[in-house]
Number of protein chains: 2
Amino acid sequence: MSQLDKIDAQLIDSLQADGRLSIAKLAERLGMSEATCWRRHKRLEELGVIEGYQATLNRRKLGGNVLAFVQITCTQHSEAATAEFERIIQASSRMLSCHNTTGEADFLLQIIAQDLDDYSRFVEKVLRQLPGVSSIRSNISLREMKTTSHLPVGELLGL
Amino acid sequence: MSQLDKIDAQLIDSLQADGRLSIAKLAERLGMSEATCWRRHKRLEELGVIEGYQATLNRRKLGGNVLAFVQITCTQHSEAATAEFERIIQASSRMLSCHNTTGEADFLLQIIAQDLDDYSRFVEKVLRQLPGVSSIRSNISLREMKTTSHLPVGELLGL
DNA sequence: ACTCATTTGAAAAGGATATTTCATTTTTAT
DNA sequence: ATAAAAATGAAATATCCTTTTCAAATGAGT
């Protein structure tokens, strides 16, 4: 996707900082005409580079006081077990992410919960029910030193 | 924050799904008048429950092909070292998150990079320069089975 | 240099948006 | 039951927005 240039990167960065920016304001900020800005913006959406827009929330103010990173190791994995695994993952709203990773564990999950009790219940009711699980190691976040979903677009594109 | 009710949760959920929804459309979707919707929305922003809005990007289409989870263990930590640690973390645009966690490692980081070469360079130039680091274990994402930043608002609020 | 194709932006137009107002309804407290 | 307080929503309005159009500028190929 080297069809993206520095101006696209700036446009994307602006929308990462404020997803509600209007085309008019974007154009002004980037020093281009509205029409050109509109066309670029449309293109980025059509390319699927911009997938959508969402509100950024304060998890603590919403009662999400516990954030846990869980390392799961599995034994065998029949096809049926894999499908069941996948199904549970997709259905768990408290599970924010699940990655199959290199390293000691097989999966790395990110879980949000109200508190430690709530988290503990989740581990018993959901994680321990996952098929073929042989080990579950929880790492609870004690301090969130940095969290951002702002991608370094320019750097990734090599601009 | 139990001052939030089911309607607030619905409103927030809608804005998690589409952060660009206008008040008019939100109101229609939730079956309330525009004025009421506007007032609730404003309140949620003032309370800091909604912190902002941002575009959701496709990291692969932007050249972010490698996502790594890194476990870092430290030795001692003088005050100066801690400050330096913090500074580097905040300054690293490729570092998306850093949590001080329970468990074997001290910190869990999330890094995005163009490819493995780029990632390797980052580890050498940034992570190995962190003061007091005694161990670095990398877990590269092989398969992103689930990733969402959509918080289960209703559940967290107990509604 | 010349032509054709592409990109650009200023302007226009209609539509949508945020925000206030005020009369009415609903809730609360007594 | 009644009065005071709070919440509601329909309507109004001025502002802002998206999207198209078209003429001019720019670039590419010969």
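Letters go in sequence order (proteins before strands), and every chain restarts at 1. The figures here come from the full heavy-atom set of this structure, side chains too, leaving out hydrogens, waters and symmetry mates.
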Check nucleotides 10-17 of chain C for protein N or O atoms closer than 3.5 Å to its own N or O atoms and list the pairs.
| from | atom 1 | to | atom 2 | distance (Å) |
| --- | --- | --- | --- | --- |
| C/dT17 | OP1 | B/Ser22 | OG | 3.3 |

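- With sequence neighbours left out, the salt bridge (charged side-chain N to carboxylate O under 4.0 Å, His left out) criterion links A/Arg121 to A/Asp118.
- Direction of the helix axis in the helix from C/dA1-D/dT30 to C/dT30-D/dA1 shifts by 50° between the two five-pair termini, rounded to 10°.
- Contact check of residues 9-20 of chain A against DNA chain C (heavy atom, cut-off under 4.0 Å) returns no residues at all.
- Hydrophobic clustering, defined by side-chain heavy atoms of Ile, Leu, Val, Met, Phe, Trp and Tyr closer than 4.5 Å, groups A/Leu109 together with A/Val66, A/Val70, A/Ile72, A/Phe85, A/Ile88, A/Ile89, A/Met95, A/Phe107, A/Ile111, A/Leu116, A/Tyr119, A/Phe122, A/Val123, A/Val126, A/Leu127, A/Leu130, A/Val133, A/Ile136, A/Ile140, B/Met145.
- Whole-Å rounding puts the A/Gln3 CD to C/dT7 P distance at 13 Å.
- Bounding nucleotides for the chain A contact on DNA chain D, 5' to 3', at a heavy-atom distance below 4.0 Å, are D/dC17 to D/dT21.
- Annotation: side chain to side chain contact (heavy atoms under 4.5 Å, CB included) contacts of B/Thr82 (sequence neighbours excluded): B/His77.
- A/Asp8 has its CG atom 13 Å from the P atom of C/dT7, to the nearest Å.
- Atom CD of residue B/Glu45 and atom CG of residue B/Leu47 lie 10.5 Å apart, to the nearest 0.5 angstrom.
- With hydrogens and angles ignored, the 3.5 Å screen pairs a side-chain donor or acceptor of B/Arg20 with a backbone N or O of A/Gly19.
- By the salt bridge (charged side-chain N to carboxylate O under 4.0 Å, His left out) test, A/Glu84 pairs with A/Arg87, sequence neighbours left out.
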- [ ] Show the numbers, then the answer: is there a salt bridge (charged side-chain N to carboxylate O under 4.0 Å, His left out) between B/Arg59 and B/Glu144?
- [x] CA-CA 12 Å; B/Arg59 73 172 164 93; B/Glu144 190 173 298; 2.6 Å; yes

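- Scored by the salt bridge (charged side-chain N to carboxylate O under 4.0 Å, His left out) test, B/Arg39 finds no partners at all (sequence neighbours excluded).
- Note on residues 96-107 of chain B: pairs passing side chain to side chain donor-acceptor pair (under 3.5 Å), not counting sequence neighbours, are A/Ser141-B/His99, B/Ser97-B/Gln110.
- A residue-by-residue look at B/Met32 and A/Lys42 shows that B/Met32 has its nearest nucleotide of DNA chain D further toward the 5' end.
- A/Ile23 belongs to a hydrophobic cluster whose other members, connected by ILVMFWY side-chain contacts under 4.5 Å either directly or through intermediates, are A/Trp38.
- We find that A/Asp5 and A/Arg40 are joined by a salt bridge, their nearest charged nitrogen and carboxylate oxygen being less than 4.0 Å apart.
- Checked against side chain to side chain donor-acceptor pair (under 3.5 Å), A/Ser22 has no partners two or more places apart in sequence or in another chain.
- Remark: B/Glu155 does not engage B/Lys6 in a salt bridge, criterion side-chain N to carboxylate O under 4.0 Å.
- In terms of phosphate contacts, B/Trp38 brings no side-chain nitrogen or oxygen within less than 4.0 Å of OP1 or OP2 of C/dA18.
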